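See structure below.
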Amino acid sequence: MDWWVSMPKVELHAHLNGSIRDSTLLELARELGDRGLVRFPDVECVILKHDRSLTEVFKLFDLIHILTTDHETVTRITKEVIEDFAAENVVYLELRTTPKKNVSKGMTKKSYMEAVLEGIRAVTTVEVDIFSEPNFDCPANAGIYARSDGCARNGTAKKKIYVRLLLSIDRRETTEAAMETVKLALEMRHLGVVGIDLSGNPVIGEWITFLPALEFAKEQGLLITLHCGEVPNQVEIHAMLDFLPARIGHACCFGEEEWAKLKSLKIPVEICLTSNIKTETISSLDIHHFADLYNSGHPIVLCTDDSGVFSTSVSGEYSLASSSFGIQKREMFQLARNAVNFIFEGNKVKLELEQVFDLAAKSLE
Ligand code: 5GP
């Protein structure tokens, strides 16, 4: 097995509906096609197209959501996505998804998330830890320290993956809708929800619309990651950095001033190489900011973004970074290990993950 597959890895930027297997999407499209709800050949063509601009990606998500937004399918894709990440030795996964309403399916944001939790419980190929450490600084958390049975269920020496959830706010949402998502996250924090993500088409929506919900989330002790600088919008980038999120994703369209600010604030960056190249937010890996951030020792973590949509994997991202930037196996291992510092979890989980990496380090020698 290649070292980039066998070594333990941490995935912190993975969108549920972007991480679906092509085979599952095609199966779902065929079913809807048989029922006359979509034209299968058209959908097949869109699913199998591999290079798409950022705008096309969001059109694809609208199509994916038509195929997946019912409870049973949400459960299925959650199970499959976790099993796929575990199969390539992801030991800690922060999976993000946008809670959705679908009146025709009787779906509320809460029932959507319950379907996600059901998918986590349905995982069979790996032991899943969905236990979340409480943030004792936050009064809202007192007394809700509970353990899911996910970890204990199998009780064997099976491989283990920690799964935590981030609830995404879509930039198309209103302040009220964003607040509803934050309140749901707070309600579900004992079930492995550890934070909030702001994502969706970066040319839609205003930062000011989401700010009240994000501030409330922060006050309540949820950790926040923001899609930041996917398009050139210097005012928004500065406002986002001033908010002091716990992490940001992408950072593709930063100018000198923004880099200086990011570096002085030491905000970790989730780097998604394949996604950035395929969506053409960065024209080539030669000029990707990974190199500068890595060389300057800025906190970074390699992630997939949408492993299904961009036909990639966490292992693939490590292999790509290694070959593109000339980084050897030992340094790549250290990069994977450093990601433990940026997870939205407490010291207990961090120490447990350190042990996983210690053990794996022995086989590197
Ligand atoms: P979901 O939240 O439905 O599980 O995952 C898909 C959603 O994640 C998309 O509809 C979009 O809102 C968000 N998303 C996925 N990939 C990207 C990306 O590269 N950039 C941004 N800004 N949002 C994304």
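First listed ligand is number 1; within each ligand, the first listed atom is number 1. One-based numbering along the sequence shown. All values derive from a computational prediction rather than experimental measurement. Any value given below was found using the heavy atoms of this structure, including those in side chains, with hydrogens, waters and symmetry copies removed.
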Are Asp197 and Arg247 close enough for a salt bridge, meaning some N to O gap below 4.0 Å?
no
My understanding is that only residues two or more places apart in sequence, or in another chain, count here; which of them pass side chain to side chain donor-acceptor pair (under 3.5 Å) with Glu27?
Arg76
Between ligand 1 and the protein, which N/O pairs are shorter than 3.5 Å?
unit_1   : atom_1 : unit_2 : atom_2 : d
ligand 1 : 2 (O)  : Thr98  : N      : 2.8
ligand 1 : 2 (O)  : Thr98  : OG1    : 2.5
ligand 1 : 3 (O)  : Asn17  : ND2    : 3.0
ligand 1 : 3 (O)  : His65  : NE2    : 2.6
ligand 1 : 3 (O)  : Lys100 : NZ     : 2.7
ligand 1 : 4 (O)  : Asn17  : N      : 2.9
ligand 1 : 4 (O)  : Asn17  : ND2    : 3.0
ligand 1 : 4 (O)  : Thr97  : OG1    : 2.6
ligand 1 : 8 (O)  : His15  : ND1    : 3.0
ligand 1 : 12 (O) : Gly200 : N      : 3.4
ligand 1 : 16 (N) : Asp306 : OD1    : 3.4
ligand 1 : 16 (N) : Asp306 : OD2    : 2.7
ligand 1 : 19 (O) : Asp305 : OD2    : 2.8
ligand 1 : 20 (N) : Glu230 : OE2    : 2.7
ligand 1 : 22 (N) : Gly200 : N      : 3.4
ligand 1 : 22 (N) : Gly200 : O      : 2.8
ligand 1 : 22 (N) : Glu230 : OE1    : 2.7
ligand 1 : 22 (N) : Glu230 : OE2    : 3.4
ligand 1 : 23 (N) : Gly200 : N      : 3.1

With a 4.5 Å cut-off on side-chain heavy atoms, are Thr97 and Asn17 touching?
yes
Which ring-ring contact (aromatic ring centres under 6.0 Å, His included) pairs, counting each pair once, include a residue from residues 256-277, with sequence neighbours left out?
Phe254-Trp259, Trp259-His289
Looking at Val38 and Ala29, what are the two nearest heavy atoms and their distance?
CG2-O, 3.6 Å
Here the ring-ring contact (aromatic ring centres under 6.0 Å, His included) pairs for residues 211-239, sequence neighbours left out, are His13-His227, His15-His227, His227-His250
